[in-house]
Amino acid sequence: KEKKRHMGDTKHFCPVSLKENFVLYPGLYEHAAKYQEKIYYFSTSEHRDKFLKNPEEYVAHNEPIQAPPLRVCLLGTHGAGKTTCARQIADKLGIFHIQFEEYLQELILPKTKKKVGPHFDEEPEDDDNKMPILSQEDFSQTMTKTETEKSKQEVELTDEEEAIKANLMDNEVLPPEVLDNIVLDWWNKEPFR
């Protein structure tokens, strides 16, 4: 109890990680420092040095330090009900909801012009009885039009966009670099932060 009374405003969490990244990161005993008779723990020695250069920036003044918002990640197989549960949780807790697959679709939609994936590629089945009978001449004209339309639709995607498309189409794992580019925005930028 005596030890806890002398801990800093962020208790055993790193005040620099909280202030700069808005993340509660546990501090380590070996990276501790004392300021105004209180002990602060830091996640790295660099964070401790940064704190010691300007401690007033990282301590509470008139009001307590604000904790970061709650972040919840739901994982599960396709069709398990993640989106439904996540929307209900977000509504009840008043937090921002991100539908990951929809977000990926939005990233490549400007180039693909349509949503991609197994459930978006399905075309309605035509009834064979209603299909018109084409002569050889009509058939070749139709094929030429179709080939021209396809070549217009084919747009060059960047490596990142190709990886996203492969994930949506074939459920291939996103490379860590691509995932980092997407997820880091959710930790550092508004309205996600």
Side-chain angles (χ1 to χ4, degrees), residues 1 4 7-29 31 40-44 46-47 50-51 57-124 157-193:
K1 287 185 178 180
K4 285 186 179 179
M7 289 185 78
D9 305 314
T10 55
K11 304 294 181 227
H12 63 280
F13 294 107
C14 176
V16 178
S17 293
L18 179 59
K19 175 79 174 181
E20 292 182 356
N21 303 323
F22 220 37
V23 173
L24 287 176
Y25 199 93
L28 302 171
Y29 179 76
H31 301 303
Y40 292 87
Y41 294 99
F42 303 92
S43 53
T44 64
E46 290 82 18
H47 281 184
K50 196 179 272 193
F51 176 86
E57 187 178 334
Y58 302 102
V59 298
H61 295 285
N62 299 332
E63 55 189 49
I65 293 177
Q66 190 180 7
L70 180 64
R71 294 178 178 128
V72 180
C73 179
L74 296 181
L75 303 173
T77 59
H78 183 72
K82 300 178 297 294
T83 302
T84 305
C85 289
R87 284 192 180 127
Q88 289 175 354
I89 291 170
D91 286 344
K92 284 188 179 180
L93 298 177
I95 56 179
F96 196 84
H97 173 252
I98 299 166
Q99 167 57 11
F100 190 67
E101 193 172 294
E102 283 297 315
Y103 187 71
L104 292 179
Q105 292 282 2
E106 289 172 15
L107 289 175
I108 63 168
L109 198 59
K111 286 195 180 174
T112 59
K113 304 291 185 223
K114 64 178 187 142
K115 291 187 174 186
V116 297
H119 37 284
F120 294 109
D121 284 344
E122 296 170 6
E123 293 179 15
L157 300 174
T158 64
D159 290 342
E160 184 172 304
E161 291 165 337
E162 284 291 349
I164 292 170
K165 186 176 178 183
N167 175 272
L168 292 168
M169 294 289 287
D170 306 320
N171 212 18
E172 286 187 25
V173 177
L174 285 172
E177 319 80 64
V178 174
L179 208 49
D180 285 347
N181 287 343
I182 296 167
V183 176
L184 282 180
D185 284 350
W186 296 339
W187 292 104
N188 300 323
K189 294 181 182 173
E190 295 298 351
F192 313 114
R193 186 172 184 263

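We use all heavy atoms of the structure for the numbers below, so side chains are in, but hydrogens, waters and symmetry mates are not. Quantities reported herein were computed from a predicted structural model and do not represent experimental measurements.
Closest non-hydrogen pair, Ser17 versus Ser43, comes out as OG-OG, 3.4 Å. Contact record, Asn181 with Glu160: ND2-OE1, 2.9 Å, taken as the closest heavy-atom pair. When all heavy atoms of Pro68 and Phe22 are compared, the pair lying nearest together is CB-O, 3.1 Å. What you find for Lys82 and Leu74 is that their closest heavy atoms are O-CD1, 3.7 Å. Shown here for Lys113 and Pro110, the closest heavy-atom pair between the two residues is NZ-O, 2.8 Å.
Not less than 6.0 angstrom separates the ring centroid of Tyr41 from the ring centroid of Phe13.
Atom SG of residue Cys14 and atom CZ of residue Phe51 lie 9.5 Å apart, to the nearest 0.5 angstrom. In this structure, Lys11 NZ and Leu24 CG are separated by 13.0 Å, a value rounded to the nearest 0.5 Å. Note that CG of Leu104 and CG of Leu174 are 6.0 Å apart. Values are rounded to the nearest 0.5 Å.
Using a 4.0 Å cut-off between charged side-chain N and carboxylate O, Lys115 and Glu102 make a salt bridge.
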Side-chain polar contacts of residues 161-172 - donor-acceptor pairs under 3.5 angstrom, sequence neighbours left out - could you list them?
residue : atom : partner : partner atom : Å
Glu161  : OE1  : Lys111  : NZ           : 3.0
Glu161  : OE1  : Thr158  : N            : 2.9
Glu161  : OE1  : Thr158  : OG1          : 3.3
Asn167  : ND2  : Glu172  : O            : 2.8

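Counting heavy atoms from C-beta outward, Val16 and Phe42 have side chains that approach closer than 4.5 Å. Side chains of Leu70 and Val72 form a contact here, defined as non-hydrogen atoms less than 4.5 Å apart. Taking 4.5 Å as the limit, every side-chain heavy atom of Gln105 sits out of range of all side-chain heavy atoms of Thr112.
Residues satisfying the side-chain contact (heavy atoms from CB on, under 4.5 Å) criterion with Ile65, sequence neighbours excluded, are Asp9, Thr10, Leu18, Ala60. With sequence neighbours excluded, the residues satisfying salt bridge (charged side-chain N to carboxylate O under 4.0 Å, His left out) with Lys50 are Glu20.
In the displayed structure, Tyr25 atom OH is contacted under 6.0 Å by at most 12 heavy atoms of other residues, nucleotides or ligands.
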